Engineer: 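Would you mind keeping the following structure in view while I ask a few things?
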Amino acid sequence: MARTRTLLAMGVTARELNRARKAGEIVRPRQGLYALPTTSPQEFHAAAHGGVPAATTAARLHGLWVLDENTIHVWMGAEGRQLAACADCCLHWSAGQPETGSLPSIPRTLLQIAQCRSEESFFAALESALRQRLLSGEDLRRLRSELPARLRWLLDFARDDADSGLESIVRHRLHRIGIDVRTQILIHETGRVDLLIGDRLLIEIDGKQNHDGRAERHKDLMRDALSAMWGYETLRFDFAMIMYDWALVEHAIVAKIAAGAHMWP
Ligand SMILES: [Zn+2]
Ligand SMILES: [Zn+2]
């Protein structure tokens, strides 16, 4: 993406721009700005508003784990000017100057999520960034000083080994009701398990992907049987249960704990 005046300064002529546009080689999100046709729809839409993607929209483009969402978040900057009206976007007028054609930095993206999305959305994106080693010590210090005080504890609670955003969400929700879990524990013959409560209650989370096939199903059943043989109890939840029927998930876990399934007999 580039401003027309930058392109002209580089020696491209107005005529060439016109030709390329007619040929579909470049597109124009707004007056004075050109983009390649491969630009993502979100970046294109944000540019039409006069901003760049923000919050969860930017997080996804950065490759962080975020839940699907229809809203496009746009960072306008403190001095920004809204160039197109739109009822569907969430406009962020927070400080700083968005740079055309780029994304806000990862710490800034996380701060934007903290401003407009839920605590767990922020937490899942944070753990996703930590897992991919995308935050430096300096970034973390900046987050700690700029995050609202009520969210700062999440920086200490966050780990860098969460397997998926779903796992982050489950750990966060369980912590909220006083259940602490251990993560990525190696169990004899079973291998690595997602979450362990107490000594022997395993919580396995089936992500959206890679749990469709018969082979995967067989592998899961084998794991459950092997861990049962060693005295473990397994509860297995999928995306839909966690996101749309959390009450059931929580009741199932609480009932198992009440029955002592998390402790060796
Ligand atoms: Zn919009
Ligand atoms: Zn927003």
Side-chain angles (χ1 to χ4, degrees), residues 1-4 21 26-130 132 134-135 139-140 142-155 158 164-166 168-169 172-173 176 243-244:
M1 218 177 267
R3 288 179 191 278
T4 310
R21 191 180 164 202
I26 51 173
V27 285
R28 194 169 70 163
R30 65 165 196 254
Q31 187 81 39
L33 186 69
Y34 285 99
L36 292 173
T38 49
T39 305
S40 73
Q42 294 84 357
E43 284 174 286
F44 193 91
H45 192 97
H49 280 305
V52 300
T56 41
T57 307
R60 179 167 299 246
L61 294 167
H62 272 305
L64 303 185
W65 191 96
V66 286
L67 286 167
D68 286 337
E69 215 187 306
N70 291 325
T71 305
I72 296 179
H73 301 260
V74 182
W75 181 30
M76 304 296 294
E79 323 257 273
R81 197 160 55 88
Q82 189 176 347
L83 300 176
C86 168
D88 302 327
C89 282
C90 167
L91 301 182
H92 290 244
W93 297 96
S94 46
Q97 179 61 52
E99 202 179 306
T100 305
S102 70
L103 294 173
S105 69
I106 296 209
R108 192 189 287 279
T109 300
L110 290 169
L111 287 166
Q112 290 167 341
I113 296 175
Q115 278 163 4
C116 86
R117 305 297 300 155
S118 65
E119 181 174 303
E120 72 180 19
S121 300
F122 167 76
F123 183 65
L126 170 67
E127 286 209 324
S128 174
L130 289 171
Q132 299 177 64
L134 296 174
L135 291 167
D139 292 340
L140 288 167
R142 177 177 165 204
L143 276 174
R144 195 175 293 275
S145 70
E146 292 186 32
L147 266 181
R150 70 183 163 82
L151 295 179
R152 268 174 221 156
W153 69 278
L154 294 166
L155 291 172
S164 72
L166 268 190
S168 304
I169 285 176
H172 175 257
R173 289 182 184 179
R176 277 280 188 205
M243 296 316 300
Y244 308 119

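All values derive from a computational prediction rather than experimental measurement. Indexing begins at 1, ligand by ligand and atom by atom, following the structure's order.
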Engineer: If the threshold is 4.0 Å, N to carboxylate O, is there a salt bridge linking Glu120 and Arg176?
Structural biologist: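 Here Glu120 does not pair with Arg176 in a salt bridge, since their nearest N and O are not under 4.0 Å apart.
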Engineer: Could you check which N/O/S atom of His45 is closest to the Zn ion (ligand 1)?
Structural biologist: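 Sorting the N, O and S atoms of His45 by distance to the Zn ion (ligand 1) puts NE2 first.
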Engineer: Hey, does Glu43 have a side-chain heavy atom less than 4.5 Å from the side chain of Val52?
Structural biologist: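 No, too far: nothing below the 4.5 Å cut-off.
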Engineer: Return the name of the atom in His73, of element N, O or S, nearest to the Zn ion (ligand 2).
Structural biologist: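 Result: ND1.
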Engineer: Answer yes when Arg60 and Asp68 have at least one side-chain N-carboxylate O distance shorter than 4.0 Å, and no when they do not.
Structural biologist: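 So Arg60 pairs with Asp68 through a salt bridge.
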Engineer: Please state the angle at the Zn ion (ligand 1) spanned by SG of Cys86 and SG of Cys89: what is it, rounded to 10 degrees?
Structural biologist: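 Vertex the Zn ion (ligand 1), arms to SG of Cys86 and SG of Cys89: 110°.
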Engineer: Would Thr57 and Thr71 count as a side-chain contact (heavy atoms from CB on, under 4.5 Å) here? Give the steps.
Structural biologist: CA-CA 8 Å; Thr57 307; Thr71 305; over 6 Å; no
Engineer: Can you tell me, to 10 degrees, how wide the angle at the Zn ion (ligand 2) is between SG on Cys90 and NE2 on His92?
Structural biologist: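 Taking the Zn ion (ligand 2) as the apex, I get 110° for this pair.
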